[in-house]
Amino acid sequence: QVQLVESGGGLVQPGGSLRLSCAASGGAFSINTMGWYRQAPGKQRELVAGITSGGRTNYADSVKGRFTISRDNAKGTVYLQMNSLKPEDTAVYYCNADLWQPLRGRRDYWGQGTQVTVSS
């Protein structure tokens, strides 16, 4: 069973920084795209940043210039460096991986979510 384990969330003041990590493990698989989503109370889940296996990235307009997504293919890990954090960034952040498994095919997996709170 593939698992995505997230870490790095927490409480930070406006203007501060956090770095989220998400590691995939649990058998034989190859990872296609990976990404970070977030969901604030009362709002729908939105894509924050995505990255392909080749390193191509895309970002939500609201985080461009502040967040950076990266990945380590050998470790099966994706990162989200968040700088200049704003209260509007407060949400539960979820890691997502689009991967392929032998005998199972292509499938999406989600991390457990990690809380990011930006507050004075």
Side-chain angles (χ1 to χ4, degrees):
Q1 174 80 333
V2 173
Q3 296 183 64
L4 303 182
V5 180
E6 302 178 27
S7 62
L11 174 65
V12 65
Q13 294 183 351
S17 298
L18 286 173
R19 191 186 193 219
L20 306 182
S21 299
C22 174
S25 63
F29 56 84
S30 61
I31 304 174
N32 298 308
T33 59
M34 300 186 80
W36 290 95
Y37 293 72
R38 67 185 181 188
Q39 188 167 24
K43 297 183 178 180
Q44 64 181 0
R45 188 173 299 185
E46 65 173 342
L47 175 66
V48 177
I51 185 168
T52 69
S53 60
R56 187 178 299 276
T57 61
N58 68 282
Y59 299 90
D61 288 340
S62 60
V63 307
K64 286 182 179 178
R66 300 188 297 120
F67 291 10
T68 302
I69 188 170
S70 61
R71 65 189 286 170
D72 185 329
N73 290 328
K75 296 180 179 179
T77 302
V78 63
Y79 307 93
L80 186 67
Q81 178 66 46
M82 304 184 292
N83 298 326
S84 302
L85 283 162
K86 305 175 181 179
E88 304 92 273
D89 296 317
T90 296
V92 177
Y93 284 69
Y94 297 91
C95 174
N96 173 266
D98 169 31
L99 56 81
W100 183 90
Q101 297 175 277
L103 303 180
R104 295 189 178 184
R106 183 181 178 183
R107 188 171 298 180
D108 280 333
Y109 287 85
W110 292 89
Q112 79 280 7
T114 184
Q115 177 70 47
V116 172
T117 302
V118 185
S119 176
S120 299

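Heavy-atom basis, side chains included; hydrogens, waters and symmetry copies ignored.
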Asker: Among residues at least two apart in sequence or on other chains, which ones pass side chain to side chain contact (heavy atoms under 4.5 Å, CB included) with N83?
Answerer: S17, Q81
Asker: Name every donor-acceptor pair, under 3.5 Å, that has one atom in a side chain of residues 6-15 and the other anywhere in the protein, sequence neighbours excluded.
Answerer:
from: E6; atom 1: OE1; to: T114; atom 2: N; distance (Å): 3.3
from: E6; atom 1: OE2; to: C95; atom 2: N; distance (Å): 2.7
from: E6; atom 1: OE2; to: G113; atom 2: N; distance (Å): 3.3

Asker: Under 3.5 Å, side-chain donor or acceptor atoms of residues 27-39 against the rest of the protein: list the pairs with distances, not counting sequence neighbours.
Answerer:
from: R38; atom 1: NE; to: E46; atom 2: OE2; distance (Å): 2.8
from: R38; atom 1: NH1; to: D89; atom 2: OD1; distance (Å): 3.0
from: R38; atom 1: NH1; to: Y93; atom 2: OH; distance (Å): 2.9
from: R38; atom 1: NH2; to: E46; atom 2: OE2; distance (Å): 3.4
from: R38; atom 1: NH2; to: S62; atom 2: OG; distance (Å): 3.4
from: Q39; atom 1: NE2; to: K43; atom 2: O; distance (Å): 3.2

Asker: Out of curiosity, R106 CZ to L99 CG, how far, rounded to the nearest 0.5 Å?
Answerer: 10.0 Å
Asker: In the structure I gave you, are the side-chain heavy atoms of I69 and V78 within less than 4.5 Å of one another anywhere?
Answerer: yes
Asker: What do the steps show when you test V2 against Q101 for side-chain contact (heavy atoms from CB on, under 4.5 Å), and what is the final call?
Answerer: CA-CA 9 Å; V2 173; Q101 297 175 277; 3.2 Å; yes
Asker: Suppose we screen for side chain to side chain contact (heavy atoms under 4.5 Å, CB included). Which residues come up paired with S70, at least two apart in sequence or across chains?
Answerer: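 Y79.
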Asker: Quick test of your reading: applying disulfide bond (SG atoms under 2.5 Å apart), list the pairs with at least one residue in residues 28-93, sequence neighbours left out, ordered by first then second residue.
Answerer: none
Asker: Taking S84's backbone N and O only, do any of them form a donor-acceptor pair with R66's side chain (distance below 3.5 Å, no angle check)?
Answerer: yes
Asker: State, yes or no, whether a side-chain contact exists between M82 and V116 at a heavy-atom distance under 4.5 Å.
Answerer: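 Yes, their side chains come closer than 4.5 Å.
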Asker: Using the test side chain to side chain donor-acceptor pair (under 3.5 Å), find all partners of D108 that sit at least two apart in sequence or belong to another chain.
Answerer: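 Residues passing side chain to side chain donor-acceptor pair (under 3.5 Å) with D108: none at all.
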Asker: Under the side chain to side chain donor-acceptor pair (under 3.5 Å) test, which residues partner Q3, sequence neighbours left out?
Answerer: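 For Q3, no residue satisfies side chain to side chain donor-acceptor pair (under 3.5 Å) once neighbours in sequence are set aside.
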Asker: Please list, chain by chain and in numerical order, all residues satisfying side chain to side chain donor-acceptor pair (under 3.5 Å) with D72, sequence neighbours excluded.
Answerer: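 Here no residue qualifies.
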Asker: Under 3.5 Å, side chain of S119 to main-chain N/O of T117, donor-acceptor pair present?
Answerer: no
Asker: Taking all non-hydrogen atoms of both residues, which atom of L4 and which atom of A97 are closest, and how far apart?
Answerer: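 Minimum heavy-atom separation between L4 and A97: CD1-N, 3.7 Å.
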Asker: Check whether the side chains of T90 and E88 place a donor and an acceptor atom closer than 3.5 Å, and report yes or no.
Answerer: no
Asker: Consider only side-chain heavy atoms of I, L, V, M, F, W and Y, link residues closer than 4.5 Å, and tell whether Y94 and Y59 are in one cluster.
Answerer: no
Asker: Using distance only, find each side-chain donor-acceptor pair of residues 48-57 under 3.5 Å and give its atom names and separation, not counting sequence neighbours.
Answerer:
from: T52; atom 1: OG1; to: G54; atom 2: N; distance (Å): 3.3
from: T52; atom 1: OG1; to: G55; atom 2: N; distance (Å): 3.4
from: T52; atom 1: OG1; to: R56; atom 2: N; distance (Å): 3.1

